[in-house]
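See below for the structure under consideration.
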Amino acid sequence: EYQTIVDTVDDMWRRSGFAGAVMLQFVLDLLSVVLVLAFAEVDSTIIVRQGWLWIIVQAAVLCAGLYFWASIHSRCCSSDYAKQSLIVLATQHLGRVRRRDAIDLLSFMDCVQKLPCGVYIGHFGLVSMRRVGPLLRLVSVGIPVLVGVAFRFAKKHGSP
């Protein structure tokens with residue numbers, strides 16, 4: 001059953017090209033943010049407070065998208081007890097099954113660990129918290145700094 005679910009998720013995200021399309025949208029959003037910031041360096045009247053809000057929203061959408069993609073894999077394979085992943089639930093259940101059923105459960109756990117479920121992106125591979133976590137931490141610190149710079153910039157240049 002797990003393998004069927006993994007195949008369904010794989011069909012939906014990778015084989016259909018949906019993950020690639022969404023990732024392309026994320027990249028285009030990021031490029032548009034960089035382009036707006038580059039134009040703002042050239043002409044300080046381009047960005048007003050709404051422009052900074054748009055940049056922050058685009059960064060938040062990117063982070064939320066990557067977080068939700070990574071959480072698909074995390075809900076299956078994480079060993080963190082708080083996440084109640086398939087592995088954690090199977091480990092808890094292992095002590096409650098009969099000895100003859102334990103082999104089936106151990107086989108299932110091995111299958112979950114060796115056949116990860118999640119979003120695959122072209123050359124990037126499986127989107128997991130191991131890869132997305134550092135980016136989210138960086139952005140969670142960067143957004144407040146960006147907001148502070150934006151308000152100081154707007155105040156200094158007298159933007160409405």
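Worth knowing before you read on, the calculation uses all heavy atoms, side chains too, and leaves out hydrogens, waters and symmetry mates.
Heavy atoms only, all atoms of each residue included: S128 and A70 are closest at C-CB, 3.6 Å. Here the closest non-hydrogen pair linking A90 and L105 is O-CD2, 3.5 Å. The shortest non-hydrogen separation linking M109 to T91 is CE-OG1, 3.3 Å.
Connection of F68 to M129 is established within a shared hydrophobic cluster, with ILVMFWY side chains joined at heavy-atom distances below 4.5 Å, either directly or through further cluster members.
Here R99 pairs with nothing under the side-chain hydrogen bond (donor to acceptor under 3.5 Å, both in side chains) rule; sequence neighbours left out. By the salt bridge (charged side-chain N to carboxylate O under 4.0 Å, His left out) test, D104 pairs with no residue at all, sequence neighbours left out.
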I would like to know whether Y67 and L136 meet side chain to side chain contact (heavy atoms under 4.5 Å, CB included); could you show each step before the answer?
CA-CA 8 Å; Y67 172 79; L136 295 178; 3.9 Å; yes
Going by atom type alone, with no hydrogens or angles, which donor-acceptor pairs under 3.5 Å involve a side-chain atom of residues 21-35 and a protein atom two or more places apart or on another chain?
residue: Q25; atom: NE2; partner: D29; partner atom: OD1; Å: 3.0
residue: S32; atom: OG; partner: L28; partner atom: O; Å: 3.3
residue: S32; atom: OG; partner: D29; partner atom: O; Å: 2.7

